[in-house]
Colleague: 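Submitted below is the structure of interest, expressed as structure tokens.
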Amino acid sequence: MRPTPIVGPDSRFGGLTTATASCLRGNDDGLSGAMRRPYFECMGSADHPSEIPAPYEPVSLEAKWRARWAELGTNVADIPNAARPYYALMMFPYPSAEGLHVGNMFAFTGNDIFARFQRMQGLSVFQPLGYDAFGIHSENYALKVGVHPAEMIPRNIANFRRQLERGGLMVDWTRSLSTTDPEYYRWTQWVFLQLYKQGLVHKKAAAVNWCPTDKTVLANEQVVAGACERCGSVVEQRFLEQWFFAISRYSERLLANLDSLDWSETTKTAQRNWIGKSEGAEIWFDGIKVFTTRPDTIFGATYVVLAPEHPLVDAHTTEEQRAAVDEYRERASRRDLVSRKTSKDKTGVSTGSTVTNPATGEQIPVWVSDYVLMEYGSGAIMAVPAHDERDLEFAHGFELPVKKVVHEDDTLIESGEFTGLTVHDAKRAIVGSLAAKDKAAAVTNYRLHDWCISRQRYWGPPIPIIYCDDCGVVPVPEKDLPVLLPMIEDFKPDDSGISPLARHDEWYRVPCPTCAKMARRETDVSDTFLDSAWYFLRYPNVGNDSVAFDPDVTKKWLPVDSYIGGNEHAVLHLLYSRFVTMVLHDAGLIEFDEPFTKFRAHGLIIREGAKMSKSKGNVVNPDEYIEAWGADTFRTYLMFLGPFEEGGDFRDKGISGVRRFLDRLWASVRDSSPDTAPDAEVDRKLHATIRKVGDDIPRLSYNTAIAAMMEYMNVLRKNDRVPRRAEVESLVQLVAPFAPHLAEELWEQLGHSGTIFDSAWPTFDPALLATDDVDIVVQVNGKMRGRLRVTRDADESIAHALAMADTSIAKFVSGTPRKIIFVPGRLLNIVV
RNA sequence: GCGAGGAUGGCGAAAUUGGUAGACGCACCAGCCUUAGGAGCUGGCGGUUAACACCUUGGGGGUUCGAGUCCCCCUCCUCGCACCA
């Protein structure tokens, strides 16, 4: 460490900055008022070249440090040799043609701050970033603008890369990836084959959600209230042969493991609800098996309802009712899911037959209605109008008997031998009694369905399967991967339900890997969510094309230490990633069965109180702000908006306050002197700030960390005080995760060599924070009446005596106090 | 309907265990400096009041010496799921 030179600004600042020649004034710069460059950047212009010191000029300064980081490999992790590996992951973006969204920047900056902080704690941080570039989104956009996605995506990626680099992220770009790279999706196909080997992949003709606009099958998760989540079209039912992953077999494990994960509680709750475990019973009403979670209400069951698709409908339909039932089933099959799933008007038809209620022995009618879903439970229910709103509504609509109530509060009534039992006890007793007669069994149902991964589209990894007339379904041998996605021009999907790849027999006709006879490739591609369900395993292995992931590297770096992303992926992506990880674990390929040790969801950025949208024209373009204010200011402002996990309101005027803070930091270092006398108040504040910032960053409370640094700055610069060098040096380190370029520059100005991110995070002296005197609050009857400065170890009697000596407090106290509450070092409450 | 989260000055927001409500910032006001100021510095800034004081964290009740924080009821907002038996 060499002393700060106290000479002219030029030598102190290494001649880096020259005054901005073209200071932007007026409105001719085309930017809004709030976006205009601060006037003071013009200081040091030709008018006063020598008196006014070099200003903080972020644009050139940031370019300098971007170049230096790239040159020195500052952000590159030592994958094979890192001593204390720390994997800080953020969800990779879809590289849209519109460029980086401010929401991406917000999320990435939040991760970057945490990553840089961890590095300054001495960890070897690996922070990769890639692109989730396959999928309907790209394909639809490509169709819209008439460009091939294979041409569009690399362009978008180049633009994203440029924007991301300008954001100053500590990303290891030597290990980036795009899901569209054959070197990547080769292994996506390999993952498919591993699941196949585990017997977790099956093909079945299934009623699927078909989007008539996007002309593709959608996963249940992609259907929102009966409509396509992407385009909003009403989803139709179709029957197609689809590949499924048996994620439902992992329901219980996916649910149970949640308890031990360090994830946001909201995310865990969303997963629990999605898995939707419900414990109940299957009960036989003669030949019909119903599922119920309320076997205790069986004495109130007055009819049975079958889903229209239920295979037993025919068998239970009488001759008189056959025509009506067939007509109803036909109508129901065409009925779109929106009205079926959201309409409250219940439709249905009687089968004309009856079955026996196994608890009462009564004959009760069997009906068919589409308010009962074939996909859930057994596709049949016992209806209890007295205790179920839907059943009641149906019963009213069709004038079915609305039988007796069988509960009074928590106790069963009119329930035969079970009358008097509590609901809890009755559930068990009734199921037990019926089970003894082979008429019931306790079962657990999950809402989670198998994952349909087939997409009748072009822009995705071809599913590595070959159909041979002789050998049947043959998985593509691993040595033959990747199955390359061919470059075709007519990639537009049609209404056939068959992938565009099926139009290219030169592609899909291949020899069977087993018997060499001509066979056909599967022409569907896989769901984008498969691409993203394992990408975290690939990052540390990028460059190694002989395996998907090397066991030693994987053991060293995974599971991911911390993961940050949007809560819109709370269910889909995070659940699928957990599933794939469990399967790879069970196959003996990795040693852990949960991919993300810690997950935090970031919040959303709105603008001036409203959601950002292209149609409203209020989208924040990061480029413009970085241009006008610098990436450091932009980053710090994004983090200052509000709590990271809640998001915040981007208000154009607010950014100036953050810029002012960084300007003052610049000036403080410039003006600092080794000769300034130590100041106890400043020292105390510094150490309190070191503690505060160090506490806040790990809990992602970035807004309060920044506020604390601002407070310190206010103390440091009070009345234009000249700071001591040591006082600013620590502050530069605290600011570094937020404003990395500026911090590097100031660190260099302060005489250090090497990156500031290899310096050790400053420590605080607890002794300095434990002062001899403390302020305690004095209350009378709980109302604040004053405060006292007492010694740290002052007891109740001393504090009381001091309080009574203070007339402004004593005047509220008449007579003898009834009670005195004393919290040492905190407060004295006199109750009269 | 179910689930989760939220409501604090003109605005964005703080308040880590129940213990000074409004830190920090924006905007605004005043002063200093200045040829000039969209720079910098200093001070002010929830409401009522001349003042003492009183009121104030969506509304109402409660627990407590003391409640933004805990409990009960209600209103509104955001997000997720939704005929899941």
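The figures that follow rest on heavy atoms only: side chains count, while hydrogens, waters and symmetry mates do not. Lettering of chains follows the sequences in order, A, B, ..., and the numbering in each one begins at 1.
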Colleague: For B:rG3, what is the paired nucleotide under Watson-Crick or G-U wobble rules, both distances under 3.5 Å?
Modeller: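 Base-paired to B:rC79.
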Colleague: Check for a donor-acceptor pair, side chain of A:Arg785 on one end and backbone N or O of A:Ile809 on the other, with a separation under 3.5 Å.
Modeller: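 Not confirmed, A:Arg785 side chain does not pair with A:Ile809 backbone.
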Colleague: With respect to the phosphate group of B:rG40, does any side-chain polar atom (N or O) of A:Arg660 fall under 4.0 Å of OP1 or OP2?
Modeller: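 Checking A:Arg660 against B:rG40: at least one side-chain N or O falls below 4.0 Å of OP1 or OP2.
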Colleague: Would you please confirm or rule out a distance under 4.0 Å between OP1 or OP2 of B:rG43 and any side-chain N or O of A:Lys718?
Modeller: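 So the side chain of A:Lys718 is within the cut-off, an N or O lying under 4.0 Å from OP1 or OP2 of B:rG43.
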Colleague: With a 4.0 Å cut-off on heavy atoms, is A:Glu711 in touch with a base, just the backbone sugar-phosphate, or nothing at all?
Modeller: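 Sugar-phosphate contact only - A:Glu711 comes under 4.0 Å of backbone atoms but never of a base.
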Colleague: Identify whether any heavy atom of A:Asn703 sits under 4.0 Å from a base atom; if not, whether one sits that close to sugar-phosphate; answer base, sugar-phosphate or nothing.
Modeller: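 Sugar-phosphate, backbone atoms only, no base.
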Colleague: Can you say whether a donor on the side chain of A:Glu389 sits under 3.5 Å from an acceptor on the base of B:rG1, or the other way round?
Modeller: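 Counting by modelled atom types and ignoring angles, no donor-acceptor contact under 3.5 Å is found here.
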Colleague: Would you tell me if any nitrogen or oxygen in the side chain of A:Lys653 comes within less than 4.0 Å of OP1 or OP2 on B:rA27?
Modeller: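 Result: no.
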Colleague: For A:Asn714 and B:rG25, is the shortest distance between a side-chain N/O and OP1 or OP2 below 4.0 Å?
Modeller: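 Answer is yes, contact under 4.0 Å.
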Colleague: If only side-chain N and O atoms of A:Lys692 are considered, is one of them under 4.0 Å from the OP1 or OP2 phosphate oxygen of B:rA15?
Modeller: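 False: A:Lys692 side-chain N/O out of range (4.0 Å or more) of B:rA15 OP1/OP2.
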Colleague: Please classify B:rG61 as syn or anti, treating any glycosidic angle within 90° of 0 as syn.
Modeller: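 Here B:rG61 takes the anti form, which means its glycosidic angle is more than 90° from 0.
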Colleague: Quick check on B:rA53: is either OP1 or OP2 less than 4.0 Å from any side-chain nitrogen or oxygen of A:Arg785?
Modeller: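 Looking at the OP1 and OP2 atoms of B:rA53, neither is under 4.0 Å from any side-chain N or O of A:Arg785.
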Colleague: Quick check on B:rA53: is either OP1 or OP2 less than 4.0 Å from any side-chain nitrogen or oxygen of A:Lys811?
Modeller: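 True: A:Lys811 side-chain N/O within range (under 4.0 Å) of B:rA53 OP1/OP2.
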